[in-house]
Amino acid sequence: MTDASVSLPLAPPAGQHARVLGLGAYRPERVVTNAEICQHIDSSDEWIRQRSGIAERRFAGPDESLIDMSVTASLTAIDRAGIDVGQVDAVLVATITHPYQTPAAAPMLADRLGIPSPAAFDISAACAGYCYGIGLANDMVRSGSARHVLVVGAEKLSDFTDPADRGSAFIFGDGAGAAVVGPSQTPGIGATTWGSDGKHWDKIAQREPWTELREAMEAPGRPDGIHWPSIGMQGQAVFRWAVYSMAPVARKILADSQVSTEQLAAFVPHQANLRITDAMVKELRLPGHVAVARDITTTGNTSAASIPLAMTRMLEERPELSGGIALQLGFGAGLAYAGQVVVLP
Ligand code: COA
């Protein structure tokens with residue numbers, strides 16, 4: 001039994017309110033059109049636009065790494081937050097495409113940025129990863145375990161996509177988005193709603209574990225059929241889950257922070273499919289004044305990077321939204337989801 005009379009001599013330092021102080025984004029230069037994607041799959045520009053809303057996406061260059069993309073996005077976010085790189089004391093990278101099993105991308109990014117000794121770790125929650133990161137960063141600043149947290153969502157999905165897979169080749173893109181979460185006089189990040197449904201883990205997943213690839217490579221005579229374990233998905237099942245299960249999550253996020261849809265300035269859902277976004281807008285009955293992120297059209301689905309990429313673009317195009325309340329919600333492989341309301345920087 002715990003003896004409540006025994007306590008530590010010193011309590012952890014008390015924290016304060018937190019908010020997103022600055023955002024940054026990086027989009028690779030190379031534009032990949034639907035026509036280029038259709039060189040490898042039996043599809044058409046028209047079908048891809050109609051079913052997913054995607055007209056084009058960006059692919060990173062062969063020598064351009066996830067860390068390279070993250071550095072650019074992070075420096076913009078840090079600059080816009082009005083702090084020095086040295087003031088960042090925790091780095092969280094949400095990604096599923098960092099090509100090293102270990103170490104995590106976060107300490108490598110911190111080193112490239114010149115942050116001396118931050119807490120640094122990766123978050124593997126796929127398309128929900130960035131919102132997991134914002135929730136954690138909020139809790140860290142509020143509890144006092146960190147003062148400025150750099151949260152990055154970055155993906156080089158082109159490395160893990162099978163260009164010949166008709167069910168997924170047209171969906172994914174590359175990019176990085178970053179946010180600095182830091183202290184605030186007033187609450188700037190609402191309570192996080194998060195969860196997962198692991199029994200459906202196979203709906204979006206790397207097709208084979210690394211160990212199977214190793215077994216195949218080590219088999220005598222290296223049999224044909226060895227292939228790179230890219231990400232596969234059961235599109236329809238994911239689509240239904242997102243449309244029917246995420247609207248109640250969005251309502252809970254709003255209820256927990258006592259924010260009405262009327263009070264929202266923006267809705268920035270994970271950019272999975274334009275039809276999913278449109279169905280959620282309808283289901284939530286969002287008023288006409290709410291700006292809705294539709295970045296997928298030119299960016300594709302960039303998993304953990306999609307929300308900070310979309311939010312950064314929205315603020316660059318419509319700076320008057322700054323100071324308004326945005327609802328952000330990430331969902332995907334796991335099946336994992338997370339979201340919160342944030343005051344736009
Ligand atoms: N090009 C042309 N036709 C295609 C195609 C392609 N790339 N892929 C499938 N089709 C065909 C199918 O064969 C089917 O034909 P049929 O009616 O003759 O049988 C038809 O198009 C419909 O296929 P379906 O799989 O039902 O398409 P869909 O409307 O569900 O759209 C996705 C497919 C992938 C765009 C959609 O399911 C989706 O976006 N899902 C969620 C994806 C997602 O969010 N993933 C990332 C995790 S967040």
Side-chain angles (χ1 to χ4, degrees), residues 32-57 94-97 123-132 153-158 160-175 177 194-198 200-207 230-247 249-250 268-281 283 293-297 299-310 328-339:
V32 178
T33 61
N34 289 340
E36 182 175 339
I37 296 289
C38 293
Q39 289 170 9
H40 308 282
I41 55 171
D42 175 18
S43 189
S44 67
D45 176 50
E46 192 196 358
W47 189 94
I48 297 171
R49 281 175 198 256
Q50 247 174 32
R51 295 291 179 137
S52 71
I54 300 169
E56 60 188 38
R57 73 289 291 141
T95 186
I96 52 166
T97 49
I123 300 169
S124 180
C127 312
Y130 173 77
C131 293
Y132 269 74
E155 302 289 5
K156 191 176 177 186
L157 280 151
S158 57
F160 293 89
T161 304
D162 176 357
D165 177 23
R166 205 173 175 230
S168 65
F170 59 93
I171 283 268
F172 297 123
D174 301 339
W194 52 7
S196 64
D197 190 358
H200 295 298
W201 69 271
D202 60 340
K203 298 288 185 284
I204 315 173
Q206 180 172 322
R207 286 182 180 141
S230 50
I231 298 167
M233 67 174 178
Q234 299 170 33
Q236 261 195 24
V238 179
F239 191 94
R240 276 198 302 270
W241 170 73
V243 167
Y244 295 113
S245 308
M246 289 304 103
V249 173
V268 187
H270 166 49
Q271 304 290 291
N273 181 317
L274 195 61
R275 285 156 58 219
I276 294 177
T277 299
D278 290 342
M280 286 172 78
V281 167
E283 184 66 24
R294 293 193 168 87
D295 189 39
I296 190 167
T297 312
T299 307
N301 177 339
T302 54
S303 192
S306 89
I307 291 176
L309 276 169
Q328 59 182 26
L329 174 56
F331 48 86
L335 298 171
Y337 58 87

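We number each residue from 1, following the sequence as shown. Note that ligands are numbered from 1 as they come in the structure, with each ligand's atoms numbered from 1 the same way.
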Closest protein heavy atom to [atom], given as residue, atom name and distance to 0.1 Å:
| atom | value |
| --- | --- |
| atom 48 (S) of ligand 1 | His270 NE2, 3.4 Å |
| atom 39 (O) of ligand 1 | Asn273 ND2, 2.6 Å |
| atom 45 (N) of ligand 1 | Met233 SD, 3.1 Å |

query = Within the side chain of Thr161, is there an N or O that forms a donor-acceptor pair under 3.5 Å with the backbone of Pro163?
reply =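 Not confirmed, Thr161 side chain does not pair with Pro163 backbone.
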ask   = Thinking salt bridges, do Asp174 and Arg57 make one under a 4.0 Å N-O criterion?
value =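 Salt bridge: no.
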Is the shortest N/O to N/O distance between [X] and ligand 1 below 3.5 Å?
| X | answer |
| --- | --- |
| Gly235 | yes |
| Trp47 | yes |
| Gln236 | yes |

ask   = Are the aromatic rings of Tyr337 and Trp194 close, with centres under 6.0 Å apart?
value =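 No, the ring of Tyr337 stays outside the 6.0 Å limit from the ring of Trp194, centre to centre.
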ask   = Under a 4.0 Å heavy-atom limit, does Ser43 contact ligand 1 with its side chain, its backbone, both, or neither?
value =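 Both backbone and side chain.
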message = At under 4.0 Å between heavy atoms, is it the side chain or the backbone of Phe331 that contacts ligand 1, or both, or neither?
response =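 Only the backbone of Phe331 comes within reach of ligand 1.
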request  = Please round to the nearest 0.5 Å and tell me the distance separating atom CD of Gln39 and atom CG of Asn34.
outcome  =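 The CD atom of Gln39 sits 11.5 Å away from the CG atom of Asn34.
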query = What heavy-atom pair brings Ile96 and Glu155 nearest, and what distance separates the two atoms?
reply =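 Closest heavy-atom pair between Ile96 and Glu155: N-OE1, 3.0 Å.
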ask   = Should Phe239 and Asn273 count as side-chain neighbours, where that means a heavy-atom distance under 4.5 Å?
value =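 A side-chain contact exists here, since the closest heavy-atom pair is under 4.5 Å.
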ask   = Could a heavy atom of Ile48 be found less than 4.0 Å from some atom of ligand 1?
value =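 No; Ile48 lies far enough from ligand 1 that no heavy-atom distance drops under 4.0 Å.
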